[in-house]
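Here's the structure, in structure tokens; my notes come after.
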Amino acid sequence: MSETTKELKDVQEKPAAPEAAPRRVFVPRTDILETDEAIVLTADMPGARERDVEVTLEGDVLTLYGRVQPAGAGRRLVHAEYDLGDYRRVFTLREDVDRDRIEATVKNGVLRLVLPKAESAKVKRIAVKAG
Amino acid sequence: MLTHLWDEIGRVQSQIDDLFGDGASRTSFPALNAWAGENDLLLTAELPGVEPGDLDISAEEDRFTLRGARKSPAQDGNEVYHRRERGFGTFERTVELPFRVDADKAEARFENGVLRLTLPRAAEEKPRKIAVKAA
């Protein structure tokens, strides 16, 4: 009798929430370019909207995370050439970045992140004059 | 016999991928997923960074063609790329469908870099419910 009660207790305490199911996570293809003024990251995250993307900077560690909604409700998947999942990528910044002026925009499933360089990190071009 | 001939022609045309065949397994862009509903076929493709205006979709009774381009961003002189993982350029893909569709009623939506193309089944392709009469 006591064994049955224990089993029931275990079942009730396990979460039934869908978030407990593991989500596939992909590494998004990313272009990184550097100008005199800033570092610009462009990452492909098809299916992610602005509100689904999270960008965090802790110390010099930059984390990009994009969440994607499940698709195709009500129909049967008959052919799959790609898988659905979230996007995550972590970078270590080597430049000093002006944290207050970081800009992130999402358009057509692409995250564009502009990291303006801190004054000290900006490339200063020095004019060379004839002596 | 005629169906068999048609398959042969399909294989000769290098751009046509049979949606359900295991023949053409080279990677084509874009990757496609297909969802079959009772009344339609939903095709989805990931096309991040493509502008809706740069997409060209045409559908016929038994196939559809997707054409488009992802333009690379304008470059000025002072840029240095540290990583270049994303591709740019034009793409074209034609796919044979598993059943006939009504191309006139096709609908395409493009949101967040994902194309969703809904192709209603041709009337004769709808599963017909057969009434069971008591003897």
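Just so it is clear: chains get the letters A, B, ... in the order the sequence lines come, proteins before strands, and each one is counted from 1. Since this is a predicted model, take the numbers as computed values, not measurements.
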More than 12 non-hydrogen atoms from neighbouring residues, nucleotides or ligands closer than 6.0 Å to [atom1] on [X], yes or no?
X      : atom1 : value
B:E124 : CD    : yes
B:E79  : CD    : yes
B:N78  : CG    : yes
B:R86  : CZ    : yes

At a heavy-atom separation under 4.5 Å, does [X] approach chain A through its side chain, its backbone, both, or neither?
X      : result
B:P73  : neither
B:E111 : neither
B:S72  : neither

Of the backbone (N, CA, C, O) and the side chain (C-beta and beyond), which part of A:L84 lies under 4.5 Å from a heavy atom of chain B, both, or neither?
side chain

Under 4.5 Å heavy-atom distance to chain B, tell me which part of A:A80 shows up: side chain, backbone, both or neither.
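Contact with chain B is through both the backbone and side chain of A:A80.
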
Yes or no on side-chain hydrogen bond (donor to acceptor under 3.5 Å, both in side chains) for B:Y81 and A:D31, after CA distance, side-chain angles and deciding distance?
CA-CA 8 Å; B:Y81 270 91; A:D31 290 343; 5.3 Å; no

May I ask you to name which of A:T35, A:I39, A:T42 has the most heavy-atom pairs under 4.5 Å with chain B?
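Going by pairs under 4.5 Å, I would pick A:T42.
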
